[in-house]
Amino acid sequence: QVQLGESGGGLVQPGGSLRLSCEASGSIFSIGAMGWYRQTPGKQRELVATITSSSSTNYADSVKGRFTISRDNAKNTVYLQMNSLKPEDTAVYYCNIRIRVTATITNCYWGQGTQVTVSS
């Protein structure tokens, strides 16, 4: 069994910052790519940022220069540092981690989601 635990969401004023964390625990053989996605009501879940096992990163155009994704392999954790937040960043944020659970089986797992609200 593998679980993902997210934390760090909340209410912040425009221009403020938040840091999201997502830790994987359980039966983990190794961890591959990690990422963050977000979703607002009535819209499809969209990619925010990804980071590979070699720490190559990719960002949605809307967050480039404001958000930073990073990972701590020793802690099986991925982070999303969000700066200069805008009201349009308001969404439920989900982490996604590709985990090898045995030598031959790899699955993708989703976190439970954490609400980020940017409002004055």
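Atoms considered below: every heavy atom in the structure, side chains included; atoms not considered: hydrogens, waters and symmetry mates. Index from 1, following the sequence.
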After noting the C-alpha distance and the side-chain angles of Cys108 and Asn96, does the key distance pass the side chain to side chain contact (heavy atoms under 4.5 Å, CB included) rule? CA-CA 7 Å; Cys108 280; Asn96 178 272; 4.2 Å; yes
For Thr68 and Tyr59: C-alpha separation, side-chain torsions, deciding distance, then whether side chain to side chain contact (heavy atoms under 4.5 Å, CB included) applies. CA-CA 8 Å; Thr68 302; Tyr59 296 92; 3.9 Å; yes
Evaluation steps, side chain to side chain contact (heavy atoms under 4.5 Å, CB included), between Ile69 and Phe67: CA-CA 7 Å; Ile69 189 171; Phe67 291 10; over 6 Å; no
Verdict with supporting geometry, Ser119 and Thr117, side-chain hydrogen bond (donor to acceptor under 3.5 Å, both in side chains): CA-CA 6 Å; Ser119 175; Thr117 302; over 6 Å; no
For salt bridge (Lys or Arg N to Asp or Glu O under 4.0 Å), just list the numbers for Lys86 and Asp89, CA-CA rounded to whole Å, side-chain angles, deciding distance to a tenth of an Å, and then say yes or no. CA-CA 5 Å; Lys86 304 175 181 180; Asp89 295 317; over 6 Å; no
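By the 4.5 Å heavy-atom criterion applied to side chains, Ile99 and Asn107 are not counted as neighbours. Looking only at side-chain heavy atoms (C-beta outward), Thr50 and Thr57 stay at 4.5 Å or farther from each other. The closest side-chain heavy-atom distance from Leu18 to Val116 is below 4.5 Å. Between Thr40 and Thr90, the closest side-chain pair of non-hydrogen atoms is not below 4.5 Å. For the pair Gln39 and Tyr94, the minimum side-chain heavy-atom distance is below 4.5 Å. When side chains are defined from C-beta on, Tyr93 counts as touching Val48, because their heavy atoms get closer than 4.5 Å. Side-chain contact between Ile28 and Asn76 is present, with at least one heavy-atom pair separated by less than 4.5 Å. Side-chain contact between Ser62 and Arg38 is present, with heavy atoms from C-beta onward closer than 4.5 Å.
Using a distance-only test at 3.5 Å, with no hydrogens or angles considered, a donor-acceptor pair links the side chain of Arg71 to the main chain of Thr52. With hydrogens and angles ignored, the 3.5 Å screen pairs no side-chain donor or acceptor of Tyr79 with any backbone N or O of Asp72.
Both Leu47 and Val92 belong to a single network of hydrophobic side chains, linked directly or stepwise wherever heavy atoms of I, L, V, M, F, W or Y lie under 4.5 Å apart. Val63 and Tyr37 fall into different hydrophobic clusters, where Ile, Leu, Val, Met, Phe, Trp and Tyr are joined by side-chain heavy atoms under 4.5 Å apart, directly or via other members.
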Cut-off 3.5 Å, no hydrogens considered: what does the side-chain donor-acceptor table look like for residues 4-16, sequence neighbours left out?
residue: Glu6; atom: OE1; partner: Thr114; partner atom: N; Å: 3.4
residue: Glu6; atom: OE2; partner: Cys95; partner atom: N; Å: 3.0
residue: Glu6; atom: OE2; partner: Gly113; partner atom: N; Å: 3.2

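There is a side-chain donor-acceptor pair under 3.5 Å between Ser17 and Asn83.
Counting heavy-atom neighbours within 6.0 Å of Glu88 CD, excluding the residue itself, gives a total above 12. Residue Arg98 places its CZ atom among 12 or fewer non-hydrogen atoms of other residues, nucleotides or ligands, all under 6.0 Å distant.
Applying the salt bridge (Lys or Arg N to Asp or Glu O under 4.0 Å) criterion to Arg100, with sequence neighbours excluded, gives no partner residue.
One finds the CE atom of Met34 at 12.0 Å from the CG atom of Leu80 (value rounded to the nearest 0.5 Å). We find the CD-OG distance between Gln81 and Ser70 to be 8.5 Å, quoted to the nearest 0.5 Å.
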